[in-house]
Every structure is written in structure tokens, then in C-alpha cells.
> 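Once you've had a glance at the structure underneath, I'll fire off some questions.
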Amino acid sequence: MAQPQAATKTKYDVSIIRPEVRAEQFHLRGEGYPPARLAAIRKGLRTLHTLELMAQTIYRFQITREPSDLNCQLITAMCNEMGHYQDFQIKLYEYGFRPSILRAAYWGVGFAFGFGSRLLGTKAMLKTGIWVESKAVHHYAQLLETIEWDDETRRVIEKDQADEDGHVARWKRLLEAAAPVPAKA
Ligand SMILES: [Fe+2]
Ligand SMILES: [Fe+2]
């Protein structure tokens, strides 16, 4: 069964940006699984892999050369998403699947969101991050609930979901700091 989201938030340390992966943690997966279970896992992994390409591309194109705290946070988030992208690429190949060729289109979407929001300024960047990451948390929850994952893959997905939730919280904090709520006249 899927972990409730509140449990996911406390169970994983989101200050670990790139968790260690040891040689013995790689396995070939899926042997003996019914075709319907495999098909669901393949669809889920391809979706996650594709979305993580979009996420890392958004942050990549939001980063500027300015030596600011925001840029440091964006680089941290980009690294986090690069790790997620690796996570799902590894799982795809462990299952004998291949990534979706359609993911190139999501690179384009990530570029549009990332570069577009950068042109509009800090608040637009933070709002874009909050919107995309909130969608991601919801999407992750759906995939955790509806797909019968193996335990190790499920833990990876839960950790990555907790990271996305951490991103929402971080961008919300920065947005509040950037835009104090004005007193009503
Ligand atoms: Fe991610
Ligand atoms: Fe994220």
C-alpha cells in the first residue's frame, strides 16, 4: 500500500540531495511479474523519467550568473532533479525497459518554463517552481497509489516525492520573503 503523504514527509531526509547508491543495490527486476503489472511499471517509470528531465531543465534555465542565495538554491534543486532523473533511468534499464523518446518534447517544455520565468523575474520563477512541484507531488502520489511497485523502487519514488515536497516548501519560503503580504487599505 502507498504511504500516506504525511508519513512520506517525515520518513525521508530531504537535506540529502544525492543519496549514495552502492554496487550491491543494482538488480535486474520484474522476472515473473504478470504482463499487466510490468506494463503499469513501465508507464510509470517513463512518466517519472520524462518529468524529471523537465524539472532539471526548468532549474537549469532559471539559474543566472548573479552570486545570490537564490542561484545557490536553484543549483541545489537542479542537482536533486538530476539525481531523480538517474534514479528512474536506472530503474527503467533494470526492468529491461527503455526511456520514452517523447521526453525530448519535455526538455522543450522545461526550457520554456525555466527561461520564460527567468525573464519575468524572481517571483515568477518561484511561482513556477511552486506550481510545477505541487503538480509533481500530486502525480507521484497517484503513481504510488495505483502501481504495484517492488519495495526498493517504491522507496526511491517516496524519497523523490519527499524532495519535491521540500522544493515546494523552499520556494514558498523564498516567495514570502520576496513578497511580504501588503496590509489592506
Ligand atoms: Fe524531481
Ligand atoms: Fe523538484
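For the single chain, residues carry numbers from 1 onward in sequence order.
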> If we ignore hydrogens and angles and just use 3.5 Å, is the side chain of R118 paired with the main-chain N or O of I63 as donor and acceptor?
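Yes: the side chain of R118 pairs with the backbone of I63.
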> Closest heavy-atom contact between A40 and I147?
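Minimum heavy-atom separation between A40 and I147: O-CD1, 3.4 Å.
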> Taking atom CZ of R173 and atom CD of Q73, what is their separation to the nearest 0.5 Å?
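So the gap between those two atoms works out to 7.5 Å.
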> Within this structure, what is the OH-OG1 distance for the pair Y106 and T47, rounded to the nearest 0.5 Å?
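That separation rounds to 8.0 Å.
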> Determine the minimum heavy-atom distance between A55 and E81, stating which atoms define it.
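Heavy atoms of A55 and E81 come nearest at CB-CD, 3.7 Å.
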> Could you give the distance from CG (D87) to CE (M82), rounded to the nearest 0.5 Å?
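So the gap between those two atoms works out to 12.5 Å.
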> Is there a path of hydrophobic side-chain contacts, each under 4.5 Å between heavy atoms, that joins L53 and M78?
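No, no single cluster joins them.
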> If we ignore hydrogens and angles and just use 3.5 Å, is the side chain of R37 paired with the main-chain N or O of E148 as donor and acceptor?
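Yes, R37 side chain to E148 backbone: donor-acceptor pair under 3.5 Å.
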> Can you see whether E164 engages H84 through a side-chain donor-acceptor pair at a distance of less than 3.5 angstrom?
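Yes, side-chain donor-acceptor contact under 3.5 Å.
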> Connecting only ILVMFWY residues whose side-chain heavy atoms lie within less than 4.5 Å of each other, what is the rest of L120's hydrophobic cluster?
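Traced through the cluster, L120 reaches no other member.
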> Supply the atom-to-atom distance T57 OG1 to W107 CH2, rounded to the nearest 0.5 angstrom.
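That separation rounds to 6.5 Å.
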> Locate the shortest heavy-atom distance separating F26 from E94; write the atom from each residue and the value.
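Of all heavy-atom pairs spanning F26 and E94, the closest is CA-OE2, 3.3 Å.
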> With a 4.5 Å heavy-atom cut-off, do D150 and H27 have their side chains touching?
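Result no, sub-4.5 Å side-chain heavy-atom pair not found.
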> Working to the nearest 0.5 angstrom, can you tell me the gap between I101 CD1 and R46 CZ?
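Spacing of CD1 (I101) from CZ (R46) equals 8.5 Å.
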> Do I58 and W131 sit in the same hydrophobic cluster, where Ile, Leu, Val, Met, Phe, Trp and Tyr count as joined when their side-chain heavy atoms come under 4.5 Å apart?
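Hydrophobic grouping puts I58 with W131.
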> If we ignore angles and hydrogens, is there a donor and acceptor under 3.5 Å between the side chains of H49 and E52?
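No.
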> From F88 CZ over to I157 CD1, what is the distance, rounded to the nearest 0.5 angstrom?
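Rounded to the nearest 0.5 Å, the CZ-CD1 separation comes to 5.5 Å.
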> Do the charged groups of D163 and K159 touch, with an N to O distance under 4.0 Å?
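Looking at K159 together with D163, the answer is yes, because their closest N to O distance falls below 4.0 Å.
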